[in-house]
Amino acid sequence: MLQPSEIHPGIGTRRGAMEPTHQPVKGKSLKHPAPLAPKIFADTAKIEEIRTLRDGGIITGVTTNPTLLKAAGAHDWDSAHQIMRDIVKLMAPHPVSLEITELDPVKMVEQGKRLAGFGPNVVVKVATGGYQAVDKALDPFTGLHVIHELWKADIRTNATLIFNCTQALWAANAGATYVSPFLGRLADYMYKNDTPERAPGNSLFFMEDHKAPAGGPERVGNTPYVALHGPRMDAGVRLINEIVTVFCNYNIHTEVLAASLRNAVQLSECLVAGADIITVPAAILMGVADHTLTSEGMTSFVKDTQVFGHQ
Ligand code: E4P
C-alpha cells in the first residue's frame, strides 16, 4: 500500500478543475455530497450490466473495446454499432469510450468523427502506440497524431494501452481528455516474469504457504500477501500514482483513468493512489457492493426487528 506521504498534496485541487463527477441537479436543495469523487466507470459493453450499475448510482461512465463488444454479442459492424449506440443513449450525458479500429491515420480521424456522431457523450478511444508492431510501415506516432487531430476538432479522446508515465505525458500534450494506464496487464506481466523471490513489483503472488498446482503458481489476491509479508510495491498501482503525481506537479487536467483491473484490492488501491477515474468489470463492481460483515449485521438487525411486530 502506498504511504500517505507518497500521495501528492495537490490531488484535491487538481480535481477541482475537472468536470465534476456529479453535476448539480436543478431544483434540488439537498446538494450531492461527493461532486468531486473519483469517477467509477463500467468496463463492459453488456447493456443489462450497465443499466443495473447506472440505476444504482454506482457508475458515471462506460468504457468499451472490440473484445468487450464481442463478449456483448456483436458479430458484425452493424451489431457492434447498434450496441455502441444503445450504450451511448442509455448513459447520456455520461461519457462512453468507443474505440477506433482503423490503422490509417486519415481513416482513424474519420472513424473517430463518425463515432463521436453517436452522441455528445462519446469519448473516442485511441491506442497510444503499438502501430509498428502491427505494421512496420506505420508511423509509431500515429495514435498521438490522431489524438491531436481529434482535439483540434473538439472531440474528446481516451488514450489507451498506456504502460508508462511518458506515454501518458505525450498523450496529454497531444490533447487527450483521458489517459488509460492498464494496471492489470502490467501486473499480469510482472506475475509471469517475476520470481516469487523478487516479489516487489508484482501484485499477484502465490504465497509461500500456498501449494502451487503442477502447472504453475495459482493467482491469489494480494491482500493476504501484504498481511504476511508487509508492504509491497504493486507495479500497476505505482504506475497510476506516478502519472497522477506528474499530472499534479504540472497541473495537467487530462484525467487518469485506471484500466484493466483484475480484483477488488486493485480498485481500493487505485483510489488511494489518486486515480481520477477507475473503469471496472461489472463482476468486481457488484462484488464490492457487499461484505460478509455487512450481511451479518443486516441479518441480525432484521432478526431483532421481528420482536417489534408489524408497523
Ligand atoms: C479499458 O478501457 C479497457 O477496456 C480494459 O480495461 C482492458 O482491460 P483488459 O486487460 O482486461 O483487457
Side-chain angles (χ1 to χ4, degrees), residues 14-15 17-19 38-39 41 43 61-69 84 94-116 121-134 138-186 189 236 238-261 270 273-280:
R14 179 174 156 269
R15 285 205 53 74
M18 293 170 183
E19 204 176 290
K39 295 167 190 165
F41 288 2
D43 200 19
V62 169
T63 50
T64 67
N65 63 34
T67 310
L68 294 173
L69 284 163
M84 291 184 204
H94 299 298
V96 176
S97 289
L98 304 179
E99 191 154 338
I100 281 183
T101 51
E102 295 285 355
L103 292 170
D104 168 77
V106 174
K107 286 188 182 162
M108 286 171 78
V109 172
E110 282 169 8
Q111 189 186 16
K113 289 181 178 172
R114 270 201 312 279
L115 292 174
N121 52 328
V122 168
V123 178
V124 177
K125 218 168 161 186
V126 185
T128 314
Y131 292 88
Q132 286 201 327
V134 289
L138 289 172
D139 179 341
F141 301 118
T142 300
L144 296 170
H145 288 313
V146 171
I147 290 169
H148 196 54
E149 284 304 311
L150 292 174
W151 173 75
K152 286 197 266 178
D154 287 331
I155 293 173
R156 291 186 293 170
T157 52
N158 174 353
T160 193
L161 282 170
I162 288 204
F163 289 93
N164 67 40
C165 196
T166 42
Q167 281 180 311
L169 181 59
W170 282 202
N173 279 336
T177 311
Y178 307 147
V179 287
S180 287
F182 274 34
L183 78 104
R185 288 197 195 188
L186 189 59
Y189 178 86
R238 286 268 155 196
L239 173 63
I240 302 297
N241 188 246
E242 196 177 300
I243 298 171
V244 169
T245 303
V246 172
F247 284 11
C248 284
N249 285 345
Y250 299 100
N251 200 18
I252 293 168
H253 297 167
T254 296
E255 295 185 57
V256 181
L257 191 164
S260 169
L261 265 75
C270 282
D276 300 303
I277 307 171
I278 309 171
T279 191
V280 192

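As a basis for the values below, the full set of heavy atoms in this structure was taken, side chains included, without hydrogen atoms, waters or symmetry mates. Since we're looking at a predicted model, the values are computed, not measured.
- More than 12 heavy-atom neighbours from other residues, nucleotides or ligands sit within 6.0 angstrom of CD on E102.
- Applying the salt bridge (charged side-chain N to carboxylate O under 4.0 Å, His left out) rule to pairs touching residues 246-259 yields K39-E255, sequence neighbours excluded.
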| said: Set out, in order, the CA-CA distance, both residues' side-chain angles and the distance that settles side chain to side chain contact (heavy atoms under 4.5 Å, CB included) for K113 and E110, then state yes or no. | reply: CA-CA 5 Å; K113 289 181 178 172; E110 282 169 8; 5.9 Å; no
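- Scored by the side-chain hydrogen bond (donor to acceptor under 3.5 Å, both in side chains) test, R156 finds no partners at all (sequence neighbours excluded).
- Annotation: side chain of S97 is not in contact with side chain of F41 (no heavy-atom distance under 4.5 Å).
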| said: Go through it in stages, so that I can follow the logic: the residues are L144 and H148, the test is side chain to side chain contact (heavy atoms under 4.5 Å, CB included), and I'd like the CA-CA distance, side-chain angles, deciding distance and then a yes or no. | reply: CA-CA 6 Å; L144 296 170; H148 196 54; over 6 Å; no
Quick one: side chains of residues 242-249, donor-acceptor pairs under 3.5 Å with protein atoms, not counting sequence neighbours, listed by atom name and distance.
residue, atom, partner, partner atom, Å
T245, OG1, N241, O, 2.6
N249, OD1, H8, NE2, 2.9

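- One finds the CG atom of N158 at 8.5 Å from the CD1 atom of I147 (value rounded to the nearest 0.5 Å).
- Between H145 and F141, the ring planes lie perpendicular to each other; the angle is over 60°, past the 30° to 60° tilted range.
- Within the structure, salt bridge (charged side-chain N to carboxylate O under 4.0 Å, His left out) contacts touching residues 243-252 (residues at least two apart or in different chains) do not occur.
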| field | Verdict with supporting geometry, L150 and I100, side chain to side chain contact (heavy atoms under 4.5 Å, CB included) | value | CA-CA 12 Å; L150 292 174; I100 281 183; 4.3 Å; yes
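- Residues A259 and S180 come closest through the heavy atom pair CB-CB, 4.3 Å.
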Please tabulate, one pair per line, all N/O donor-acceptor pairs under 3.5 Å involving side-chain atoms of residues 121-132, not counting sequence neighbours.
residue, atom, partner, partner atom, Å
N121, ND2, V88, O, 3.0
N121, ND2, H94, O, 2.9
K125, NZ, T64, O, 2.7
T128, OG1, T160, O, 2.7
Y131, OH, A127, O, 2.6
Q132, NE2, L138, O, 3.1

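- Residues forming a side-chain hydrogen bond (donor to acceptor under 3.5 Å, both in side chains) with N251 (at least two apart in sequence, or on another chain): H253.
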| task | Please assess M18 against I277 for the test side chain to side chain contact (heavy atoms under 4.5 Å, CB included), listing each intermediate value before the final yes or no. | result | CA-CA 11 Å; M18 293 170 183; I277 307 171; over 6 Å; no
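- Applying the salt bridge (charged side-chain N to carboxylate O under 4.0 Å, His left out) rule to pairs touching residues 145-154 yields E149-K152, sequence neighbours excluded.
- Heavy atoms only, all atoms of each residue included: I240 and C270 are closest at CG1-SG, 4.3 Å.
- P105 meets the side-chain contact (heavy atoms from CB on, under 4.5 Å) test with T142, V146; sequence neighbours excluded.
- Applying the side-chain hydrogen bond (donor to acceptor under 3.5 Å, both in side chains) test to E99 and every residue at least two apart in sequence or in another chain returns nothing.
- Shown here for I278 and A275, the closest heavy-atom pair between the two residues is CG1-CB, 3.9 Å.
- Side-chain contact check for L183 versus S260: every heavy-atom pair is 4.5 Å or farther apart.
- Closest non-hydrogen pair, R14 versus D276, comes out as NH2-OD2, 2.9 Å.
- By the side-chain contact (heavy atoms from CB on, under 4.5 Å) test, L68 pairs with D43, A45, N65, sequence neighbours left out.
- Closest approach of A176 to T254, counting heavy atoms only: O-OG1, 2.8 Å.
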Donor-acceptor list for residues 167-174 side chains, cut-off 3.5 Å, not counting sequence neighbours:
residue, atom, partner, partner atom, Å
Q167, OE1, F163, N, 2.6
Q167, OE1, N164, N, 3.3

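- Residues passing the side-chain hydrogen bond (donor to acceptor under 3.5 Å, both in side chains) test with T157: none are found, sequence neighbours excluded.
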